[in-house]
Amino acid sequence: MKFCLFDADYSSSEKPNVRLFGTDDKGNSVMVLDSIEPYFYAFCKKGLKAELEKIKEIKRTELTKKIINGREKSFYKIYCERPAEVREMIKDRTECFEYSLNLYKRYLIDKGIYPLEWLDIKGPSRKGEGFATVIEAERIKKTKNGILGQPKIMALDIEVIDGRIVMFSAADNIGYREVFSSEDEKAVLEKISRTFLERDPDIVATYNGDLFDFDILNQRSQANKIKLMLSRDGSSLYFRKSMWTSSAKIKGRIHIDLFAFVSRLMFQQLQSEVFTLDEVSREILGRGKESISLEELANMWKNKRKLMEDYCMNDSLLTLDLCKNLLTQIFTLSRVSGQLPFDCSRMTFGALSEWYLIRKAAERNMISPNPAHYAEIQRRRAKVPIKGGYVKEPMKGLHSNIGVFDFRSLYPSVIVTFNISPEMLNIKCKKYNHVPGFRYKFCADKKGFVSEMVESILEERGKIRKKIKNAKNRKELDEQQFSLKILANATYGMFINPKARWYSYECAESSAAYGRHYIKQAIDEAEKYGFLVIYADTDSLFVKLADEKDIKKSAKDFLKKINASLPGIMELDLQGFYIKGMFIPQKLEGYTAKKRYALMDEKGIITLRGLEAVRRDWCDLAKSLQREVIRLVLEGKEKEALEAVRTTVKKVKNRQVDIDEIAISTQLSRSAGQYKTKNIHSVIARKLNEEGKAAAEGTIFSYVIKKGAGSISDRAELAYKTGKDDYDADYYINNQILPAAFRILQTLGYKQQELLANGLKRFG
DNA sequence: GGCCCACGGGG
DNA sequence: GGGTACGTGGGCC
């Protein structure tokens with residue numbers, strides 16, 4: 001039968017089994033069972049064979065030749081049920097490799113199976129166990145035939161009031177919509193299980209379901225002694241835990257947590273510095289959600305149930321549409337890297353690149369290097385941070401008619417052009433690439449592994465980009481090429497990651513050095529050509545012409561010239577033109593660590609980067625003022641921007657703002673007694689305790705700084721206990737309103753003092 | 001300036 | 001799958 005693989009796991013309950021989950025060509029759910037013979041590799045050593053034969057856990061060994069660090073060596077391939085345990089027994093005798101791979105990963109690599117490909121499975125099949133078909137594989141063959149039917153995607157959202165789940169909504173891509181609410185939590189939980197059973201989705205989409213929805217569902221079903229039935233095989237929710245995060249797995253389905261994906265792999269392409277469902281949906285879908293405080297939500301539950309149901313439904317609909325939008329990217333990453341969509345959608349750049357390399361290495365008869373041990377990781381962490389990209393400090397002020405250039409995939413193209421790969425460093429050969437400013441040289445006689453892999457990703461991307469022009473499925477192709485860009489860009493991050501198998505401080509240093517060399521060269525060339533370079537950072541430069549002539553024509557001409565001189569596959573692109581722009585240094589004096597700018601194009605559309613007065617420890621008033629100031633300044637309304645600041649300051653002074661606008665919300669990270677020092681959190685926790693209210697770890701509260709004597713924390717009070725007459729106007733003006741506005745206005749040359757009323761004299 | 005603690009998403 | 005994410009900012013002393 002035809003089978004398309006979505007997900008897989010390993011179970012050793014009876015015999016070592018790999019379970020493959022997916023659908024047939026009609027979209028019905030399928031589980032494929034296959035056996036696996038786990039193994040690992042050990043360096044060949046004299047007398048080792050005899051010792052291995054004494055270990056009863058080892059089933060058999062094979063002598064084999066494998067390539068490591070560019071050289072062929074002899075290894076024992078040791079078959080045993082638990083590679084990690086057997087490796088412990090012999091690790092002092094010889095170095096072992098690939099003993100900690102997850103066995104479903106091992107299986108997919110060895111069989112050469114990539115997720116979302118079509119397979120032809122032969123073997124006895126049956127119905128049941130939650131699947132339309134269960135098949136015991138006797139033969140698996142790859143096939144080109146088969147069209148992926150639309151997988152059924154269901155988005156889910158829950159609402160929690162006073163620690164209990166009172167509502168949930170679900171929406172799927174075939175039009176199913178459901179909101180259910182009840183005072184009876186058991187009824188809600190049972191309804192959720194029923195929905196999963198009846199709708200039977202292939203993909204479950206959530207927004208932060210890993211850390212919130214499924215965590216709460218798990219806790220509350222235990223509290224209510226109800227077994228949640230979400231998976232296909234009847235198993236409970238499974239949490240794959242790591243030190244600081246957790247992923248919720250629903251066996252037989254793919255749980256895609258859009259927050260996990262967006263915050264790890266998409267943050268670079270989003271303007272937003274925050275990854276709330278609202279901000280992310282606004283940017284990707286062009287529509288968002290109403291912002292509702294916790295108090296309002298509780299109030300809605302009491303008085304406006306219907307409105308709350310609409311709110312809940314909207315969250316599911318946004319999540320569903322985000323999933324539909326981003327699925328191509330996730331699937332492409334999965335197809336190319338060979339990792340499961342569940343894993344791909346939760347990986348960091350470094351892990352993504354590493355897994356891609358592990359698979360490609362196996363396909364080339366290579367053994368992947370081992371990840372470093374703890375002491376080595378610590379040593380790597382302690383190294384001097386690598387000198388990063390070159391930054392040319394921004395010129396102050398509001399600029400007009402700006403052209404933006406950037407190097408197309410700077411680090412990947414450097415890696416390919418100069419053959420940057422760990423095993424090519426300083427080896428003996430005929431021709432070298434010498435790293436500018438360093439003693440490093442990379443062999444130029446033959447291709448290195450990492451650089452060749454990056455090259456093949458870029459080539460694949462190039463092919464897709466060429467197809468886009470006349471294609472019907474432009475959007476899909478565009479998403480494909482973009483995910484390849486993500487994968488290529490991930491390699492530099494992997495070089496720096498101390499835990500990575502192909503970690504290389506020297507390769508990272510070299511990539512950065514070449515990057516600096518070529519951006520500086522581009523800046524020089526741009527200046528020679530007659531541009532004023534107003535700002536440059538790592539891979540992009542922002543230019544204007546002194547006499548504001550036709551920048552578009554000059555920019556295109558410049559581009560042609562510079563690209564003719566760039567080596568290898570390096571290329572400078574024209575990113576766009578903007579009619580107004582400003583660049584914001586991080587501090588008043590000192591360095592700029594991160595790109596921070598605001599640009600406005602011909603259509604009046606504003607692009608913001610790096611302006612982060614959006615955290616929840618800033619009050620709403622400060623956040624909205626910063627946005628307004630940016631807009632006004634870019635529109636050339638400097639006077640109005642200053643007026644907006646003055647008006648806000650006046651409003652605060654005259655106590656004309658609502659407590660909501662100046663309340664700052666925060667979360668207790670421990671319980672009242674556990675704080676070592678006096679701070680806002682410990683003071684509020686104590687106050688909550690005195691009132692007999694919950695002040696446990698995780699409690700969220702909003703507070704206001706009251707006027708009076710004492711430190712900030714002495715004067716912090718729960719928002720609901722304060723009125724307009726209580727807040728400390730000076731604190732809000734000096735610590736919230738002015739800093740937020742000043743971030744922007746300092747680039748126009750203002751001093752913080754000047755933002756106050758008397759500084760506005762400039763405009764009479 | 002050093003230390004402590006918080007921020008992120010969700011409700 | 002991960003040997004206290006992680007980079008940064010405010011308040012206190």
Side-chain angles (χ1 to χ4, degrees), chain A residues 84 100-103 105 156-168 206-217 220 240-247 257-264 267 272-280 289 292-298 300-301 308 311-312 315 319 343 346-348 350-351 354-355 371-378 381 385 497-501 586-587 593-594 610 612-618 664-670 674-683 698-700 705 710-716 731 735-736 739:
Chain A
S100 63
L101 288 187
N102 237 323
L103 289 172
K105 287 184 171 159
L156 178 79
D157 181 48
I158 62 169
E159 304 299 330
V160 178
I161 301 286
D162 291 333
R164 289 178 310 126
I165 302 171
V166 296
M167 186 182 288
F168 95 99
T206 63
Y207 203 82
N208 203 24
D210 275 347
L211 299 176
F212 186 74
D213 301 63
F214 285 119
D215 184 34
I216 300 282
L217 273 168
R220 297 311 299 162
R240 197 181 63 192
K241 305 246 181 189
S242 77
M243 205 40 63
W244 56 277
T245 193
S246 155
S247 325
D257 179 340
L258 278 309
F259 168 70
F261 178 64
V262 166
S263 60
R264 288 186 181 88
F267 65 95
S272 178
E273 291 285 307
V274 274
F275 306 111
T276 58
L277 178 57
D278 180 43
E279 287 287 339
V280 170
K289 60 182 269 190
I292 290 195
S293 72
L294 292 177
E295 289 83 2
E296 282 171 285
L297 197 72
M300 275 166 101
W301 175 243
M308 181 164 160
Y311 171 81
C312 183
D315 281 0
T319 306
D343 293 327
R346 288 167 177 77
M347 274 179 196
T348 54
E354 195 185 46
W355 280 111
H373 292 298
Y374 186 58
E376 171 64 11
I377 291 173
Q378 292 302 83
R381 278 195 219 280
N497 179 0
K499 293 180 179 177
R501 290 166 188 257
Q586 186 142 25
K587 296 245 162 70
K594 208 174 162 192
E612 88 299 21
V614 277
R615 296 158 53 126
R616 73 175 167 202
D617 47 0
W618 288 76
I664 302 166
S665 57
T666 189
Q667 185 168 24
L668 297 180
S669 66
R670 55 194 77 181
Q674 290 175 303
Y675 283 96
K676 284 183 194 161
T677 56
K678 192 182 76 172
N679 59 18
I680 288 169
H681 296 77
S682 63
V683 168
T699 303
I700 289 179
I705 304 299
S711 69
I712 300 293
S713 47
D714 284 334
R715 293 186 282 123
Y731 171 82
N735 296 52
Q736 295 265 325

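Side chains included, hydrogens not; waters and symmetry mates left out as well; all remaining heavy atoms used. This is a predicted model, so every value here is computed, not measured. Here is the naming used below: chain letters follow the sequence lines, and residue numbers restart at 1 for every chain.
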Side-chain N or O of [X] closer than 4.0 Å to phosphate OP1/OP2 of [N]:
{"X": "A:T276", "N": "B:dG10", "value": "no"}
{"X": "A:S713", "N": "C:dC12", "value": "yes"}
{"X": "A:Y731", "N": "C:dG11", "value": "yes"}
{"X": "A:N497", "N": "C:dG2", "value": "no"}
{"X": "A:K289", "N": "B:dG11", "value": "yes"}

(request) Name the closest nucleotide to the A:N208 side chain, picking from C:dC12, C:dT4, B:dG9. (result) B:dG9

(request) From the options C:dC13, C:dG2, C:dG10, select the nucleotide whose nearest atom is closest to the side chain of A:W618. (result) C:dG10

(message) Once side chain to side chain contact (heavy atoms under 4.5 Å, CB included) is applied, do any residues pair with A:N497, and if so which ones, sequence neighbours excluded?
(response) A:K499, A:A500

Assign [X] to base, sugar-phosphate, or nothing according to its heavy-atom contacts below 4.0 angstrom with the strands shown.
{"X": "A:S263", "result": "nothing"}
{"X": "A:S100", "result": "sugar-phosphate"}
{"X": "A:H681", "result": "sugar-phosphate"}
{"X": "A:A351", "result": "base"}
{"X": "A:Y374", "result": "base"}
{"X": "A:D257", "result": "nothing"}
{"X": "A:I161", "result": "nothing"}
{"X": "A:F214", "result": "nothing"}
{"X": "A:D315", "result": "sugar-phosphate"}
{"X": "A:I712", "result": "sugar-phosphate"}

(message) Please compare A:E354 and A:W244 by the position of their nearest nucleotide in DNA chain C and report the one closer to 5'.
(response)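 Counting from the 5' end, the first nearest nucleotide belongs to A:E354.
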
(message) On a heavy-atom basis, which atom in A:D213 and which in A:Y207 lie closest, and how many Å separate them?
(response) OD1-O, 3.9 Å

(message) If the condition is side chain to side chain donor-acceptor pair (under 3.5 Å), which residues does A:Q378 pass it with, not counting sequence neighbours?
(response)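 Side chain to side chain donor-acceptor pair (under 3.5 Å) list for A:Q378, sorted by chain: A:Y374, A:R381.
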
(message) If I pick the C1' atom on C:dA5 and the same atom on B:dG8, what distance separates them, to the nearest angstrom?
(response) 11 Å

(message) Using the P atom as the point on both nucleotides, what is the distance between C:dT4 and B:dG11, in whole Å?
(response)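 Comparing P positions in B:dG11 and C:dT4 gives a spacing of 30 Å.
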
